[in-house]
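Worksheet for the structure shown next.
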Amino acid sequence: MTQRLGETQLPHLFEPVTWAGFAIKNRIKYGACCVSNYNTRDGFITERELARTKVIAGTGCGIITNQGAYPDPLGEGKAYFSQIALFDDKFIPQFEKIAGYIHDGGGIAIQQILHAGRYGGIDLGYCIQPSIVPQTLPHFRPPREITREQIRETIEQHAEAAKRAVKAGFDGTEITSFMGYLLATFNSKFTNRRTDEYGGSIANRGRFMRELIYAIKAATGGGHPLVVRLNGAELMDRWGGNDEDECFELMQQAAECGADMISVTVGWQEAPDSSIGRDVPPGHWNRLAARAKRLLPDTPVAFGVRLPDPIMADRCLAEGQFDFWEVCRPLLADPDLVKKAAEARLDEVKRCIGSLNCLSRLFRDLPYTCTMNPALGHEVEPAYQITPAASRKKIMIIGAGPAGMECAIAATRRGHQVTVYERGERIGGSLLGYAAHDLAHKDDLASVAEYYRVMAAKLGIEVRLGTQVDPKMMRSILHQFDAAVVAAGARADLQALPAPEEEGLLVEAMDVALGTRRPGRRVVVLGGGKVGLTLAESLKTSGSDVVVVERERRIAGDVMPSWKWRHAAWIEELDIPTMTGCRVTRIAKDGVTVVDGKGRETTLPADTVIAASPMRGNQELFAELEWSIDELHGCGDVMVPRGLTQAIHDGYRLGCRL
Amino acid sequence: MDAQTQWLAALDIGGWQALLDRHSPIFAGMLPGSRIGLLPEEDFDSPLAMMLVWEATGRGMVADYRPFPGFEEVEVDLLFIADGETLGRLHDRANPAPLADLKRKVRRRETLLYVVKPRAALLELGYEEFLDSLGLAFMGACR
């Protein structure tokens with residue numbers, strides 16, 4: 001077969017290999033990184049899930065791991081509200097469909113068996129683990145100690161579930177010691193305080209894992225490989241968890257008793273440090289995979305934690321750091337990532353930006369969605385499909401931010417002729433400003449704007465930069481367009497604040513973010529939401545003295561749940577004072593006067609006061625355009641200022657229905 | 001002098017009671033019988049470990065030292081594990097913001113907080129204000 005350009009450029013990634021007797025088309029493993037929460041509360045798979053799985057099956061990965069199924073009828077292993085189950089033969093027909101989809105897509109099908117242990121029992125009043133060690137986060141169930149009889153039963157349930165997976169057509173299975181799930185709680189000293197043969201020494205703590213491996217391999221028989229996911233670092237050693245040496249000793253145990261692949265993971269849910277967020281540099285954990293490979297040269301190693309880049313993955317494969325690039329979230333963001341890599345079209349990839357929207361939703365018991373991929377989880381819904389337009393329209397879009405550009409791309413793909421008007425000099429809108437100030441990993445947010453620039457060029461979308469749309473301009477182009485979309489974003493509502501007593505003292509957050517206004521040394525930021533915090537952190541890092549004033553009782557109210565802690569931590573680390581529950585009563589040369597909930601007044605000296613809240617959509621154009629054009633729509637922050645995820649999703653949905 | 005004796009000798013109950021009295025609004029909503037434990041990290045595995053208990057009564061919070069019987073038997077709703085230095089600062093009457101210190105330590109995971117009772121039970125017991133003051137809402141999972 002002729003190799004495509006990208007396959008020659010990334011020869012290691014696209015190298016066909018043999019694993020456990022299976023011919024694998026490349027070294028890419030779709031990882032079961034998290035469950036979807038698309039299914040029924042009693043463990044059955046829904047049409048929504050099947051539609052999503054078809055997309056996964058079509059990603060082009062050589063190995064595809066289906067999301068974790070809990071193995072026990074009581075649901076002690078169930079971690080998520082709508083997690084799939086495999087504790088009974090009644091589930092087999094649906095798993096047959098999934099295995100079939102994966103095989104149709106040319107992949108090897110692996111089913112993960114996931115007993116959540118410490119994080120399980122979501123429908124019960126308790127969870128089980130080796131010892132009674134309470135959790136350190138507040139949303140889990142109180143622990144009960146698993147008895148030796150229950151250990152035997154649990155192992156049997158895993159083996160039976162694995163056997164069902166194979167019966168359904170899966171080629172192999174996977175168990176996971178990720179995150180603090182049951183297997184991890186046996187392995188780790190943090191949670192395993194038993195004094196019997198399952199606790200104490202590392203050999204004893206690893207006994208449950210070894211028995212699990214033996215039981216599953218015996219149940220599934222030869223020719224059905226077993227993958228074991230194990231932490232290279234728990235990040236819990238500060239509190240008595242395993243150190244890295246112990247983690248690797250457990251890997252060795254797994255390999256010695258027959259694991260066919262070790263998938264190296266990082267961190268527990270309760271760990272103090274980030275492992276997969278945007279604040280972790282790509283490639284940060286690669287050393288753990290390399291260590292696993294050095295330790296286990298004869299056992300295939302899969303790895304992909306915070307490794308979203310196929311070029312870096314190819315390099316790691318070339319250097320022998322691991323054998324399979326295990327990837328999940330980048331494929332949620334762009335299911336065509338592997339195809340685009342194979343066709344040397346990586347500039348068209350929608351990158352996973354590590355927003356953690358997917359996980360934020362899971363931990364609110366919601367189905368996962370993706371900031372970058374509005375269609376994720378909506379594959380069965382016509383409103384999210386790009387279908388040919390019934391009639392081809394000329395569409396003008398005002399604003400080249402994420403909402404406008406998503407709308408432009410979707411509408412263009414449907415056959416419309418789209419022109420985007422942007423008053424700034426670059427594509428990206430307010431996102432450009434916030435990317436420049438993001439302390440986490442600027443390149444991730446900047447990549448979104450770059451993606452829009454590339455796609456506009458490739459799809460032939462005309463983007464008129466430096467063009468302000470106003471009534472005069474509209475009169476000049478009257479009747480040239482069938483539809484207009486206002487995607488002009490939002491700005492801080494200065495009317496909601498006291499009028500400044502000196503001109504130039506109060507500036508708008510967007511102007512500072514985009515660099516058109518330079519703040520003085522002493523800065524008061526009004527608004528402790530994501531906009532205000534991002535600017536405050538950046539300005540403090542640049543040497544300004546910054547104080548944040550927030551009307552609500554807490555800062556970060558509009559921040560993604562899994563990212564709130566990050567801002568809170570930065571604010572503390574940077575020693576930025578925050579005044580919460582305060583309203584502003586005066587903005588004057590001597591500073592900003594605020595009053596707290598008890599009526600106490602404080603004046604904060606300021607050279608510059610930045611208005612970052614409340615935000616208000618730039619809706620003025622609606623009135624101007626209402627009688628100038630046949631169809632008038634709005635999308636993104638211009639309608640309700642909510643942020644990047646909603647802007648992308650709004651824009652995409654509107655583009656699909658224009 | 002072993003670690004526990006040092007801890008008991010250095011941090012008198014009167015100091016803890018003063019802390020609780022100074023910050024009584026934070027505990028005001030707690031139902032009688034609600035208990036918060038604090039255990040020195042150094043004593044965590046000692047069979048003779050003593051923990052500090054802050055217990056809500058009808059007349060406010062009361063501080064007391066009690067044996068730590070292990071996780072299975074412990075009768076507290078939340079259990080902090082902190083190093084001696086953190087406990088010392090928390091106890092220090094001259095510290096203007098001792099609970100803010102504790103909050104920072106918990107957020108940084110330099111002090112470990114075991115959530116012994118489920119969240120719903122904690123809310124029923126009136127822990128909302130206390131949990132809020134610790135910023136627990138900021139602590140997420142899988143990051």
Side-chain angles (χ1 to χ4, degrees), chain A residues 33-34 119 125-126 131-145 178-180 190 193 235-236 238-240 267-280 354 356 358-360 362-363 553-557 559-569 571-573, chain B residues 25-26 36-37 39 41-42 44-45 47 68-83 97 100-125 127-143:
Chain A
C33 65
C34 48
Y119 309 139
Y126 67 96
S131 313
I132 295 180
V133 177
Q135 298 88 343
T136 60
L137 291 172
H139 46 258
F140 299 113
R141 309 294 180 260
R144 286 184 190 170
E145 183 172 306
F178 190 27
M179 304 263 283
F190 180 66
R193 303 172 69 84
L235 309 178
M236 296 295 286
R238 163 72 177 82
W239 291 103
W268 276 36
Q269 288 195 27
E270 296 165 81
D273 305 310
S274 295
S275 53
I276 56 174
R278 200 168 72 243
D279 52 334
V280 178
L356 301 185
C358 45
L359 298 165
S360 295
L362 284 184
F363 288 101
R553 287 179 64 204
R554 289 183 192 156
I555 58 166
V559 174
M560 196 86 75
S562 285
W563 200 245
K564 282 180 192 287
W565 76 275
R566 184 62 274 182
H567 277 300
I571 291 291
E572 280 173 9
E573 286 161 19
Chain B
I26 288 174
I36 298 165
L39 184 67
E41 187 181 344
E42 296 81 357
F44 185 66
D45 282 321
F68 173 63
F71 285 126
E72 289 181 48
E73 307 292 333
V74 71
E75 292 187 338
V76 296
D77 312 315
L78 298 171
L79 179 65
F80 293 89
I81 311 290
D83 60 28
D101 271 357
L102 184 64
K103 176 171 84 172
R104 265 193 295 277
K105 289 279 189 178
V106 170
R107 287 224 199 123
R108 292 174 187 170
R109 295 297 174 103
E110 292 165 6
T111 288
L112 198 60
L113 172 58
Y114 284 108
V115 184
V116 183
K117 291 253 173 79
R119 186 190 189 94
L122 292 174
L123 295 178
E124 276 178 24
L125 288 167
Y127 274 90
E128 190 165 2
E129 184 68 29
F130 184 69
L131 293 176
D132 198 40
S133 73
L134 283 177
L136 274 184
F138 288 101
M139 295 172 66
C142 200
R143 55 205 189 188

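Predicted model, so just to flag it, every value in this text is computed and none were measured. Here is the naming used below: chain letters follow the sequence lines, and residue numbers restart at 1 for every chain.
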If we check side chain to side chain contact (heavy atoms under 4.5 Å, CB included) with B/V116, which of these qualifies: A/P134, A/P142, A/P143?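 Between B/V116 and the candidates, side chain to side chain contact (heavy atoms under 4.5 Å, CB included) is satisfied uniquely by A/P134.
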Whether B/R109 side chain and A/M236 backbone form a donor-acceptor pair below 3.5 Å: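 Not confirmed, B/R109 side chain does not pair with A/M236 backbone.
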Check B/E41 with A/R238, please: is the shortest side-chain N to carboxylate O separation under 4.0 Å?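 Looking at B/E41 together with A/R238, the answer is yes, because their closest N to O distance falls below 4.0 Å.
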Heavy atoms only: give me the nearest B/L112-A/W239 pair and the separation to one decimal.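 Closest pair (atom of B/L112, atom of A/W239, distance): N-CZ2, 3.5 Å.
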More than 12 heavy atoms from other groups under 6.0 Å of CD on A/E573: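 More than 12 heavy atoms, drawn from other residues, nucleotides or ligands, come within 6.0 Å of this atom.
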For atom CD of B/E75, decide whether the heavy atoms of other residues, nucleotides or ligands shown that lie under 6.0 angstrom number more than 12.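 For B/E75, atom CD is not crowded (no more than 12 foreign heavy atoms under 6.0 Å).
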Does any heavy atom of chain A fall under 4.5 Å from the side chain of B/L122, the backbone, both, or neither of them?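 Neither part, no heavy atoms under 4.5 Å.
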Side chain, backbone, both or neither: which part of A/R144 has a heavy atom under 4.5 Å from chain B?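 Neither part; nothing is under 4.5 Å.
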